[in-house]
Amino acid sequence: MWSREELAGADSDELAELAELAMRTLADRGEPAAFTHLLRMTAVAGECVGIAARSTAAAGSWAGVGELAGTTRQAAWERWRAH
C-alpha cells in the first residue's frame, strides 16, 4: 500500500495510472461494496476536476483549460468556475 509521503512524491502520470488501476480493479470485483466505492469516487472525481480546472485557469487561462478539455474558453468557464 502507498503512504501519503509516497503518493506526494509520485508524478502525475504515476498517480493517474494508480487511480485508473484501482478503479478498474474495483469495477471487476462485482461486489456491492466495490460499486459503492466507485459511486463515491465518481463524485470525488467530479469535484477534483473542477478544482484542477480552476487551478489551471489561475496559473494560465480559461482558454488553456478549454483547449485541454476539448471545448471553448467560455464553455470551460461556465462549467468549472467557482459558483
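Nothing fancy with the numbering, it's 1 onward along the sequence. Since the model is a prediction, treat every value here as computed from it, not as a measurement.
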**Message:** Quick test of your reading: applying salt bridge (Lys or Arg N to Asp or Glu O under 4.0 Å), list the pairs with at least one residue in residues 29-57, sequence neighbours left out, ordered by first then second residue.
**Reply:** none
Point-to-point distance, once rounded to the nearest 0.5 Å, from [atom1] of [X] to [atom2] of [Y]:
{"X": "Glu20", "Y": "Thr25", "atom1": "CD", "atom2": "OG1", "result": "10.0 Å"}
{"X": "Leu21", "Y": "Leu26", "atom1": "CG", "atom2": "CG", "result": "9.5 Å"}
{"X": "Thr71", "Y": "Trp80", "atom1": "OG1", "atom2": "CH2", "result": "7.0 Å"}
{"X": "Leu38", "Y": "Arg24", "atom1": "CG", "atom2": "CZ", "result": "11.0 Å"}

**Request:** Give a yes or no answer on whether the side chain of Arg79 reaches the backbone of Ala76 with a donor-acceptor pair at less than 3.5 Å.
**Result:** no
**Sidechain-backbone polar pair: Glu17 side chain, Glu14 backbone, donor-acceptor under 3.5 Å** =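 Flag not set: sc Glu17 to bb Glu14 has no pair under 3.5 Å.
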**Message:** Holding to salt bridge (charged side-chain N to carboxylate O under 4.0 Å, His left out), I want the full list of residues that pass it with Glu5, two or more places apart in sequence or in another chain.
**Reply:**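 Glu5: no salt bridge (charged side-chain N to carboxylate O under 4.0 Å, His left out) contacts found.
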**Complete:** Taking every heavy atom of Met41 against every heavy atom of Met23, the minimum-distance pair comes out as CE-CG, 3.4 Å
Could you tabulate the donor-acceptor pairs under 3.5 Å formed by side-chain atoms of residues 57-70, not counting sequence neighbours?
from	atom 1	to	atom 2	distance (Å)
Ser61	OG	Ala63	N	3.4
Ser61	OG	Gly64	N	3.0

